[in-house]
J.: 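One structure follows; several queries about it will come next.
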Amino acid sequence: MKNIQIILNAILSQDVFEYILVDRRYRITDFSENVSRYFDEATQGGNDIRHYLPEIVGYEEEIQTVLEKGNNRYVLETVYKNNYYINIILEYYSEEKVLILLHNTTEITLSKLELLQYSNENQLLYNTIKKILDSQNNLLLVTSNNKIEYANRKFLEYFSIKNLDELKERREKNFSISSLPVKSFNELYAYAKDEEKELMIGEDTFLVKATMLETTYQLFTFSKVTKLSEANQSLEEKINRDPLTGLYRKSFFDEKLAEALEYEQTVTLVIADIDNFKTVNDHYGHLAGDSVLREFADLIKNQLRENDIFARWGGEEFLILFNCSKQEKIVEKIETIRKMVETHSFETVGALTVSFGVATSRENETVQSLLERADRALYFAKTNGKNMVVVK
Amino acid sequence: MIRKKILLLGDFNVGKTSLIQRYIDNTFDDKYLTTIGVKISKKFLPVGTIECELIIWDVEGATPQKQIPEQYLVGASGAIIVADCNREETIENLEGHIKHFKAVNPDGKYVVAYNKSDLLSAEQHEHFDLKPETFLTSAKRGEHVNDLFSTLAKEIFT
């Protein structure tokens with residue numbers, strides 16, 4: 001009775017339902033008049049249903065189950081047939097026949113398709129944008145009304161958060177990212193909305209910048225600067241060092257001397273010049289000469305304090321800056337160094353001596369005037385027998 | 001006539017419809033049109049002396065919101081599991097599609113297609129890590145599309 005009702009319904013609403021009856025061997029025994037609109041060719045009784053509805057291939061077992069058990073029903077939804085979308089319903093009709101109902105769902109499916117197309121295109125766009133954001137080196141965070149909406153991969157990795165859902169859970173606990181020195185993201189926004197601000201998170205330093213997106217979203221960009229400043233320091237160190245000896249260059253030395261004089265500190269400047277160095281180069285070659293310069297630099301360096309500035313002026317001339325007003329003590333120290341050099345045996349070349357010119361800063365002293373005085377002292381040492389310390 | 005149902009499964013926008021279009025009609029359309037539900041195509045394929053027909057199911061792609069309905073998988077002899085070789089997430093999801101297919105069809109055979117190889121650089125193409133029974137395909141250029149279907153058909157019919 002139930003099946004007759006289905007067929008009647010199908011006949012009464014021909015636009016929506018068509019039907020086909022098939023036997024145990026999948027032969028068509030009866031069909032509704034307009035069923036052929038779903039197929040490429042006109043339907044003929046006696047033919048195999050699978051020729052018209054290849055969707056049945058693979059469903060043979062289900063058809064047999066419908067025949068045997070009577071109450072089983074199978075539905076295959078949203079099948080595209082000849083410009084229509086249909087649902088295919090397998091129903092028990094009799095012990096020998098199965099009723100196949102074709103339910104036209106084209107109108108509603110086309111609406112769904114439009115939505116699906118829109119949704120998939122948006123998903124693709126979202127995936128692309130997400131990839132771009134995740135590829136950023138900075139930590140990115142978007143909030144709305146103090147609630148986290150999005151964070152990029154770098155942000156999640158930095159705080160060891162598995163995924164966005166876990167991050168959003170933290171929102172419920174009043175942002176347990178305790179290392180941020182603000183109580184809410186609204187406060188952080190107020191802190192960093194006008195310009196980049198420095199922010200410590202743990203041991204790392206970040207520059208944080210807040211930007212308003214439309215009217216409710218706040219984008220926070222955290223740029224880690226710790227590593228950058230380390231890299232800058234290392235680069236600066238490289239620039240200020242003499243590549244042969246590893247000592248400071250003259251330019252750096254001048255800078256430090258000028259700073260000290262500007263702050264009116266009393267400093268003592270020493271110029272050291274290896275005696276007869278030209279003969280070293282002439283007799284042993286420039287490689288041996290370079291080796292002497294390195295050995296000499298190491299020798300002196302070991303005698304100095306950490307805050308004394310030791311630089312190579314050029315050639316065989318060196319500079320030492322002592323932050324000390326007691327000239328006698330410095331002269332004593334330099335004398336010790338002079339004797340140590342005198343008794344030292346340099347690799348390849350053996351014994352060498354060194355002359356020193358010493359000058360201590362006076363009131364209104366300039367870099368130039370102090371250097372000139374120390375240089376005059378050195379000149380005096382050089383022209384009066386060498387291997388001595390002269391103070392001007 | 002032996003008829004066998006095969007499925008094309010994978011995430012949305014990996015090129016399942018384009019692979020079928022290339023295999024059946026030898027054509028290609030660049031425009032992305034989402035598939036909804038299923039669309040069936042037929043391909044006559046003689047295997048030795050046996051007359052065979054592949055019933056190819058173009059199944060709508062899985063999305064994060066919607067997985068492929070099980071009713072589409074019933075009674076399939078084989079499947080081509082498709083990923084976009086340029087979209088990592090679609091490759092990661094291959095295993096899930098294979099499991100889904102094998103859960104419904106334990107004896108079913110399958111091959112894997114990494115599609116859209118035309119978007120790879122020559123170097124990426126050369127070094128792409130391919131395992132047995134997997135193919136680097138381009139529906140756009142037609143690369144390895146026939147191999148893909150014929151390999152699966154041989155697996156099924158022999």
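Every chain is numbered from 1 and lettered A, B, ... according to where its sequence line falls, protein lines coming before strand lines. Below, all heavy atoms of this structure are taken into account, side chains as well, without hydrogens, waters or symmetry copies.
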J.: If you count heavy-atom pairs within less than 4.5 Å of chain A, which of B/K5, B/R3, B/R87 leads?
T.: B/R3

J.: Would B/K43 and B/Y23 count as a cation-pi pair here, with the cationic atom under 6.0 angstrom from the ring centre and within 45° of the axis?
T.: yes

J.: Which residue out of A/E60, A/E61, A/Q117, A/K81 racks up the most heavy-atom pairs below 4.5 Å with chain B?
T.: A/Q117

J.: Could you tell me which portion of B/P64 (side chain, backbone, both or neither) has an atom closer than 4.5 angstrom to a non-hydrogen atom of chain A?
T.: side chain

J.: Name the member of A/N127, A/T109, A/L116 that forms the most heavy-atom pairs with chain B at distances under 4.5 Å.
T.: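 Ranked by contacts with chain B, first place is A/L116.
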
J.: Which label fits B/F12 and B/Y32: parallel for a plane angle under 30°, tilted from 30 to 60°, or perpendicular past 60°?
T.: tilted

J.: Is the cationic atom of A/R50 (NZ for Lys, CZ for Arg) positioned less than 6.0 Å from the six-membered ring centroid of A/F39 and within 45 degrees of its normal?
T.: no

J.: Is it true that B/E88 and A/K131 make a salt bridge, defined as a side-chain N closer than 4.0 Å to a carboxylate O?
T.: no

J.: Hey, is the main chain of B/D11 close enough, under 3.5 Å, to the side chain of B/K16 for a donor-acceptor pair?
T.: yes

J.: Looking at A/Y92, is A/R73 sitting on its ring face, NZ or CZ under 6.0 Å from the six-membered ring centre and within 45 degrees of the normal?
T.: no

J.: Any sub-3.5 Å donor-acceptor pair from B/S138's side-chain atoms to B/K116's backbone N or O?
T.: no

J.: Given that the side chain runs from C-beta out, which part of B/T35 has a heavy atom under 4.5 Å from chain A: side chain, backbone, both or neither?
T.: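 Contact with chain A is through the backbone of B/T35 alone.
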
J.: For A/Y85, which atoms come within 4.5 Å of any heavy atom of chain B: side chain, backbone, both, or neither?
T.: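 The side chain, not the backbone.
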
J.: If you count heavy-atom pairs under 4.5 Å with chain B, which of A/V79, A/D48, A/L124, A/V75 comes out on top?
T.: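 Most pairs with chain B among the choices: A/L124.
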
J.: Quick check on B/K42 against chain A: is it the side chain, the backbone, both or neither that has a heavy atom closer than 4.5 Å?
T.: side chain

J.: With only heavy atoms counted, which part of B/E89 is less than 4.5 Å from chain A, the side chain, the backbone, both or neither?
T.: side chain

